[in-house]
Number of protein chains: 2
Amino acid sequence: MNEFSSKIKKALDRAETIVFGANCTVNYSGRAETHLPKGERIIMIKGDRTLLVHQPHGNTPVNYMKENSVHDIIEKDGKIILKSQNMPLKEFIDIEIDNVSFISSAKMADGQKIQLTGNEKDMSDMIYTDPSVIETGLRPVSREEQTEFGFIDVLCHDKDNNLVVVECKRYKSDFSAVEQLKRYVKKIKKSKGIENVRGILASPAITANALTLLEENGFKHVSVEPPMRHDRFKKNQKSLGEF
Amino acid sequence: MNEFSSKIKKALDRAETIVFGANCTVNYSGRAETHLPKGERIIMIKGDRTLLVHQPHGNTPVNYMKENSVHDIIEKDGKIILKSQNMPLKEFIDIEIDNVSFISSAKMADGQKIQLTGNEKDMSDMIYTDPSVIETGLRPVSREEQTEFGFIDVLCHDKDNNLVVVECKRYKSDFSAVEQLKRYVKKIKKSKGIENVRGILASPAITANALTLLEENGFKHVSVEPPMRHDRFKKNQKSLGEF
DNA sequence: GGGGAGAGATGCCGC
DNA sequence: GCGGCATTTCTCCCC
């Protein structure tokens, strides 16, 4: 049993978070199948037994196993193989390890949750609180807490008392945003037995083709930015710690 | 300048891949804004200057910066702060580092690309090669290389010489898959000036509601699994290296 | 556990 | 760059 193997085994037993660099070959089988020829990667095993394989470039892991996978180091024919399996998901990874450039492990704990501002819910909050940012005369009726109609972002009455479905997107709207709005308007018409239901898509922008489809359906687009405490970093780098 | 700071600076200069464990606070500003209170995390900076912050649990990074971000360690008021910025994307991260449990760095290179089997393209290849897996009498007309109609997975003629649009999904089909198929059929009808265009959704499964919408439009679903060399790992664990 | 939808989605390819 | 779309999408929320 070489030093690397015993370190890994000990750290796995202790549910430590493990990171190592290695020249390795990776094979995955599960929802799909992948093969990654030999190269230098960073491998991370977390305390919850998540496995990540990262190439030394790019954002996303090249291979991974979800939490509660089972990992073991075996040595066979002079080769060291990290075998990971997740039986409930029927997923398997074998990592053949040729060379280890570094290895670290530590017991780590972190119960904190990230706090995020500027998502779609913040947008619909803003619009529900003050629908005039969308159109003058709009009055809020209900929001997200799914009505009888489903997951409709914001429901309003306009100045002529028509029902208005407002669908929010924090990013540029595409076909599927328009079709989502179509489904919701259709559902409300059917559910309420009324024909006069308007649809508004609220987002920072919309693709030309989606706009065509939107207008073919008699709906309109309104340009809205997701609410953020803009430019915190640029305006005042000193205040970074003051969240 | 403490030892941690100088190690990081040196490794950044050399474009090494860096991994360290630390108790830290993370603030992000860019497309949205996030705050992550103090806790133990693994931080990775890659050779392409991607930054990842991982909590000791879960699949996805809790914060990140894309490649070509600029990183620097500064010390201020006795605090060590890793500042990352990506000016083209107007994105910023500050990581206030309280305690370092380990740090490793190494020059790493990996030009290999992952080879994947069992994706949607493999499915449409299979169906184009032998459309009888979908329906007897189908003959292939064209595939993905987007025709004048757009990105249609597979186009066939059925035994009665009707045009058939086949849309493949490797996972369970939902509303948006049905609506994609609707768009394609509509586009072809308009483009060809014909009414008799059929639509088939080929996927392992479909949600009940999506099936309703599908059938309302006169289309049908066919159950197809993405092609894989099934059960490689389960059948013969010995052959793992033989890719 | 499934359904539905958002995501700081990411990544790929085409134009 | 934008557009359209797949992803071993992942994640969350709700039924």
Side-chain angles (χ1 to χ4, degrees), chain A residues 26 28-34 50-51 53 58-67 86 88-93 113-114 116-124 144-146 150-153 167-177 179-180 183-184 203 205-210 226 228, chain B residues 26 28-34 50 53 58-67 86 88-93 113-114 116-124 144-146 150-153 167-177 179-180 183-184 203 205-211 226 228:
Chain A
V26 186
Y28 159 78
S29 178
R31 280 171 289 181
E33 293 179 346
T34 68
T50 298
L51 168 76
V53 181
N59 220 300
T60 53
V62 67
N63 279 114
Y64 54 91
M65 295 281 279
K66 303 217 166 148
E67 57 172 351
N86 190 310
L89 299 174
K90 292 178 186 168
E91 298 200 299
F92 306 87
I93 279 186
K113 280 190 179 172
I114 193 166
L116 188 144
T117 311
N119 57 6
E120 197 183 279
K121 180 156 187 313
D122 291 331
M123 271 184 78
S124 68
E144 204 152 298
E145 299 86 26
Q146 75 294 342
F151 306 96
I152 287 161
D153 284 342
E167 172 62 29
C168 305
K169 292 292 166 201
R170 74 174 306 284
Y171 45 85
K172 183 178 278 200
S173 301
D174 57 11
F175 280 133
S176 65
E179 277 153 352
Q180 209 177 329
R183 278 201 305 276
Y184 293 160
S203 67
I206 182 169
T207 66
N209 289 341
M228 280 193 278
Chain B
V26 187
Y28 159 77
S29 177
R31 277 174 290 181
E33 293 179 348
T34 68
T50 297
V53 181
N59 218 304
T60 54
V62 67
N63 277 114
Y64 54 89
M65 294 282 280
K66 304 217 162 146
E67 58 174 349
N86 190 311
L89 300 174
K90 293 179 186 166
E91 299 200 300
F92 306 87
I93 279 187
K113 280 191 180 172
I114 193 166
L116 188 144
T117 311
N119 57 5
E120 194 183 282
K121 182 158 186 310
D122 291 332
M123 272 184 79
S124 69
E144 204 153 298
E145 301 84 28
Q146 77 294 344
F151 307 96
I152 288 162
D153 283 342
E167 173 62 28
C168 305
K169 294 290 167 202
R170 75 175 306 285
Y171 43 86
K172 183 178 278 200
S173 299
D174 57 10
F175 280 133
S176 66
E179 277 154 353
Q180 206 179 328
R183 281 202 304 276
Y184 293 160
S203 67
I206 182 168
T207 65
N209 290 340
L211 183 59
M228 281 192 277

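Throughout, a chain's letter reflects where its sequence line sits, starting with A, and its residues are numbered from 1. What's counted below: heavy atoms across the whole structure, side chains too, no hydrogens, waters or symmetry copies.
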Examine [N]: is either OP1 or OP2 under 4.0 Å from a nitrogen or oxygen in the side chain of [X]? Give yes or no.
{"X": "B:K172", "N": "C:dG2", "answer": "no"}
{"X": "A:R170", "N": "C:dA5", "answer": "no"}
{"X": "A:T207", "N": "D:dC2", "answer": "no"}
{"X": "A:Y64", "N": "D:dT9", "answer": "no"}
{"X": "B:R183", "N": "D:dG4", "answer": "no"}
{"X": "B:R31", "N": "C:dT10", "answer": "yes"}
{"X": "A:T60", "N": "C:dG11", "answer": "yes"}
{"X": "B:Q180", "N": "D:dA6", "answer": "yes"}

Report the distance from atom CD of B:E179 to atom CD of B:E167, rounding to the nearest 0.5 Å. 12.5 Å
Which is it for A:N59 and B:Y64 under the side chain to side chain contact (heavy atoms under 4.5 Å, CB included) test, yes or no, and what are the steps along the way? CA-CA 8 Å; A:N59 220 300; B:Y64 54 89; 3.9 Å; yes
So, B:Y28 and C:dG8: ring centres less than 5.5 Å apart, planes less than 30° off, yes or no? yes
[X] [atom1] to [N] [atom2], straight-line distance once rounded to whole Å:
{"X": "A:F92", "N": "D:dT8", "atom1": "CZ", "atom2": "C1'", "value": "14 Å"}
{"X": "B:I206", "N": "C:dG2", "atom1": "CD1", "atom2": "C1'", "value": "15 Å"}
{"X": "B:Y171", "N": "D:dC5", "atom1": "OH", "atom2": "P", "value": "11 Å"}
{"X": "B:E33", "N": "C:dA7", "atom1": "CD", "atom2": "C1'", "value": "17 Å"}
{"X": "B:K121", "N": "D:dT8", "atom1": "NZ", "atom2": "P", "value": "15 Å"}
{"X": "B:K169", "N": "D:dA6", "atom1": "NZ", "atom2": "C1'", "value": "7 Å"}
{"X": "A:N63", "N": "D:dT9", "atom1": "CG", "atom2": "P", "value": "13 Å"}
{"X": "A:F151", "N": "C:dG6", "atom1": "CZ", "atom2": "P", "value": "10 Å"}

The nucleotide from C:dA5, D:dA6, D:dG4 with an atom nearest the side chain of B:E167 is D:dA6
Among D:dT7, D:dG4, C:dG8, the one nearest any side-chain atom of B:T34 is C:dG8
When the [atom1] atoms of [N] and [M] are considered, how many whole Å apart are they?
{"N": "C:dG8", "M": "D:dG4", "atom1": "P", "answer": "23 Å"}
{"N": "C:dA9", "M": "C:dA5", "atom1": "C1'", "answer": "13 Å"}
{"N": "D:dT8", "M": "C:dG4", "atom1": "P", "answer": "23 Å"}

Nearest-nucleotide wise, let me know which of B:N59 and B:L116 is further upstream toward the 5' end of DNA chain D. B:L116
Most 5' of A:A208 and A:K66 on DNA chain D, judged by nearest nucleotide: A:A208
Is there a side chain to side chain contact (heavy atoms under 4.5 Å, CB included) between B:T117 and A:T34? Walk through the geometry before answering. CA-CA 6 Å; B:T117 311; A:T34 68; over 6 Å; no
With a 4.0 Å cut-off on heavy atoms, is A:L89 in touch with a base, just the backbone sugar-phosphate, or nothing at all? nothing
Using a heavy-atom cut-off of under 4.0 Å over every strand shown, decide if A:E67 touches base, sugar-phosphate, or nothing. nothing
Does a salt bridge link B:E91 with B:K66, judged by any charged N lying under 4.0 Å from a carboxylate O? no
Could you pull out all residues at least two apart from B:K172 that satisfy side-chain contact (heavy atoms from CB on, under 4.5 Å)? B:A205, B:T207
Could you give me the CA-CA distance, side-chain angles and deciding distance for B:I93 and B:N63, then say whether side chain to side chain contact (heavy atoms under 4.5 Å, CB included) is met? CA-CA 8 Å; B:I93 279 187; B:N63 277 114; 3.9 Å; yes
Would you name the heavy atoms of A:G118 and A:P226 that are closest together and state the gap between them? O-CB, 3.5 Å
Can you give me the dot-bracket string for DNA chain C, 5' to 3', counting Watson-Crick and G-U wobble pairs with both distances under 3.5 Å, using [ ] for crossing pairs and | for partners on another strand? |||||||.|||||||
B:S176: side chain to side chain donor-acceptor pair (under 3.5 Å) partners, not counting sequence neighbours: B:D174
Do B:N209 and B:F175 have side-chain heavy atoms sitting under 4.5 Å apart? yes
